[in-house]
Asks: 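Below you'll find the structure I mean.
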Amino acid sequence: MSAPLEKHLMLPILKVMRDGKERHRREIYDLLDSVLQFSEEAKTERLASGGSRLDSRKNWSIAFLKAANLLERPKRGYYKITSQGQKALEENPSVIDWKFLLRYAPADSNFFYPSKKSKEEVDDEQDIEVDSASSETPLELIDKNHQLLKNILASDLLSEIKKKDAKFFEYLVVDLLLAMGYGGSREEARAAVVGKSHDGGIDGIIKEDKLGLDIIYLQAKRYDSGSIGGSAIRDFVGALVAKHASKGIFITTAGYSSSAREYVKQVPQKVILIDGNDLVDLMIEHNVGVSRDYSFEIKKIDSDYFDG
């Protein structure tokens, strides 16, 4: 028998974590092995990349449970059941599938609801595994799963940022803006942001280009949850006016209220609002806080070679 699908692994994983202990990923794997008694075929089945298909599905199962807030990661490589996870077990489900996970997933999860889709817009009938009879082309399937990996990475990135202090967040903002092409050296830019007195709602400045032909004023707020309201944005715009500045960037790990987003459309100053989802998307795009893991090369027939 080949490796079980993720929907057949998630409930057993949650059950072995029922006692509330922190366990390393490998220990969870071993406990799952003892409970499910996988066949030799399942244990030896390999992916095209050479890795274990069974371990890959165990890993994905843990990732799905964490994304739905049924497991948490208190430290690197270790996991623990959450109160939500205990509540899920009390329902005595026969299986944990995608539809079940959606009931527990945070409403603002950029893993389950990518591209800023609302909870209502997500098709709750979709399942985790790809149907072998899917009408999608191989390239479409690759693209879909690449996006899934990106969503998981984005979710993990935001979680890691929220664990850090305000100073780290300010450093991160500077590093991101420099990676995006804004001017000045790293040391100069950090000195202009970190450790300032937050004068009038301004956390710092950064040059728009390497020559410093214009200055952009910054506000950086690291929040665990919630949203930035219109009053905070009005204060920021007021600080820009006091500085005779025309451009500002407000960056947060949280979100923005509709009143905040509407307000910036009405003022003459150019104010960019970057929320938590925007932030991690930009970090991934500009390789800040991330590193390359796998790289696949897709090849096609060279028609010129055969036609020449």
Side-chain angles (χ1 to χ4, degrees), residues 1-90 92-98 100-101 104-106 109-112 127-130 145-164 280 284 289-296:
M1 183 181 295
S2 60
L5 297 170
E6 289 87 347
K7 70 178 182 180
H8 300 305
L9 295 175
M10 288 188 287
L11 181 58
I13 288 173
L14 209 57
K15 285 182 176 179
V16 301
M17 299 297 288
R18 188 197 295 266
D19 60 8
K21 293 181 179 179
E22 288 183 18
R23 290 187 172 90
H24 191 272
R25 181 190 301 273
R26 180 52 60 182
E27 185 181 355
I28 298 173
Y29 286 5
D30 292 340
L31 286 171
L32 200 60
D33 291 349
S34 64
V35 169
L36 296 183
Q37 297 290 307
F38 298 110
S39 67
E40 283 303 311
E41 180 186 355
K43 292 178 182 178
T44 57
E45 190 176 8
R46 316 305 289 181
L47 295 167
S49 61
S52 164
R53 184 180 297 278
L54 180 57
D55 281 357
S56 174
R57 289 183 176 175
K58 291 175 187 174
N59 183 44
W60 277 107
S61 299
I62 291 173
F64 289 135
L65 290 168
K66 178 180 177 294
N69 198 30
L70 302 183
L71 290 180
E72 62 180 351
R73 186 175 60 188
K75 55 187 177 183
R76 184 175 181 180
Y78 284 80
Y79 295 84
K80 181 180 179 181
I81 195 170
T82 64
S83 58
Q84 288 276 78
Q86 297 285 12
K87 182 180 176 182
L89 286 177
E90 289 173 6
N92 195 28
S94 59
V95 68
I96 292 181
D97 55 14
W98 190 263
F100 187 92
L101 292 175
Y104 286 90
S109 169
N110 60 349
F111 171 73
F112 287 99
D127 209 345
I128 293 168
E129 65 274 10
V130 175
N145 285 287
H146 176 266
Q147 186 60 50
L148 179 60
L149 286 167
K150 182 181 176 183
N151 293 341
I152 290 177
L153 174 59
S155 179
D156 285 346
L157 264 179
L158 197 55
S159 177
E160 290 299 317
I161 294 168
K162 289 178 179 180
K163 293 176 185 177
K164 300 297 184 180
V280 292
I284 293 170
V290 299
S291 59
R292 178 174 293 180
D293 191 5
Y294 288 97
S295 179
F296 295 91

Asks: Run the side-chain contact (heavy atoms from CB on, under 4.5 Å) check on Lys15 and Val35 step by step: do they pass?
Replies: CA-CA 10 Å; Lys15 285 182 176 179; Val35 169; over 6 Å; no
Asks: Would you mind checking if Glu160 and Arg76 are paired as a salt bridge, meaning a charged N to carboxylate O distance below 4.0 Å?
Replies: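 Salt bridge flag = no for Glu160 with Arg76.
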Asks: Assess the residue pair Met17 and Leu65 against the criterion (side-chain contact (heavy atoms from CB on, under 4.5 Å)); give the C-alpha distance rounded to whole Å, side-chain angles, the decisive distance to 0.1 Å, and a yes or no.
Replies: CA-CA 11 Å; Met17 299 297 288; Leu65 290 168; over 6 Å; no
Asks: Kindly determine whether Leu149 and Asp293 satisfy side-chain contact (heavy atoms from CB on, under 4.5 Å), including the steps that lead there.
Replies: CA-CA 11 Å; Leu149 286 167; Asp293 191 5; over 6 Å; no
Asks: So, for Pro106 and Ala67, which heavy atoms are closest and what is the spacing to 0.1 Å?
Replies: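 Where Pro106 meets Ala67 most closely, the heavy atoms are CD-O, 3.6 Å.
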Asks: At what distance, to the nearest 0.5 angstrom, does CE of Met10 lie from CH2 of Trp98?
Replies: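 One finds 8.5 Å between CE of Met10 and CH2 of Trp98.
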Asks: Under 6.0 Å from the NE2 atom of His146, do we count more than 12 heavy atoms belonging to anything else shown?
Replies: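 No - once you tally the heavy atoms of other residues, nucleotides and ligands closer than 6.0 Å, there are 12 at most.
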Asks: Can you give me every donor-acceptor pair (side chain of residues 80-89, partner residue at least two apart or in another chain, under 3.5 Å) with its distance?
Replies:
residue	atom	partner	partner atom	Å
Thr82	OG1	Asn69	O	2.6
Thr82	OG1	Leu70	O	3.2
Thr82	OG1	Gln84	N	3.3
Thr82	OG1	Gly85	N	3.0
Gln86	NE2	Arg18	O	2.8

Asks: Of all the heavy-atom pairs spanning Pro12 and Leu32, show the shortest one and how long it is.
Replies: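 Minimum heavy-atom contact is CB-CD1, 3.5 Å.
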Asks: Can you see which heavy atom on Phe38 is nearest to which on Lys43, and at what distance?
Replies: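 That would be O-CE, 3.4 Å.
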Asks: Side chains of residues 54-62: which donor-acceptor partners sit under 3.5 Å, not counting sequence neighbours?
Replies:
residue	atom	partner	partner atom	Å
Arg57	NH1	Ala3	O	2.5
Lys58	NZ	Asp33	OD1	2.6
Asn59	OD1	Arg25	NH1	2.2
Ser61	OG	Arg57	O	2.7

Asks: Can you tell me how far NE2 of His8 sits from CD1 of Ile96, rounded to the nearest 0.5 angstrom?
Replies: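 Taking CD1 in Ile96 and NE2 in His8, the distance rounds to 12.5 Å.
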Asks: Grab the two heavy atoms, one from Leu11 and one from Val95, that are nearest each other, plus how far apart they are.
Replies: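 Taking Leu11 first and Val95 second, the nearest heavy atoms are CD2-N, 4.1 Å.
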Asks: What's the separation between atom CG in Asn151 and atom CG in Asn145, rounded to the nearest 0.5 Å?
Replies: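 So the gap between those two atoms works out to 11.0 Å.
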Asks: Working to the nearest 0.5 Å, report the span between OH of Tyr29 and NE2 of His24.
Replies: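 Rounded to the nearest 0.5 Å, the OH-NE2 separation comes out at 9.5 Å.
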Asks: Which heavy atom of Thr44 sits nearest to which heavy atom of Arg46, and what is that distance?
Replies: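 Closest pair (atom of Thr44, atom of Arg46, distance): O-CD, 3.0 Å.
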Asks: What residues, two or more places apart in sequence or in another chain, satisfy side-chain hydrogen bond (donor to acceptor under 3.5 Å, both in side chains) together with Asp30?
Replies: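 Per chain and number, Asp30 pairs via side-chain hydrogen bond (donor to acceptor under 3.5 Å, both in side chains) with no residue.
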Asks: Check Ile152 against Ala63 and note the closest heavy-atom contact, atom names and distance.
Replies: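 Taking every non-hydrogen atom into account, CD1-CB, 4.3 Å.
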Asks: With a 4.5 Å cut-off on side-chain heavy atoms, are Arg73 and Asp156 touching?
Replies: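 Yes, at least one pair of side-chain atoms sits under 4.5 Å.
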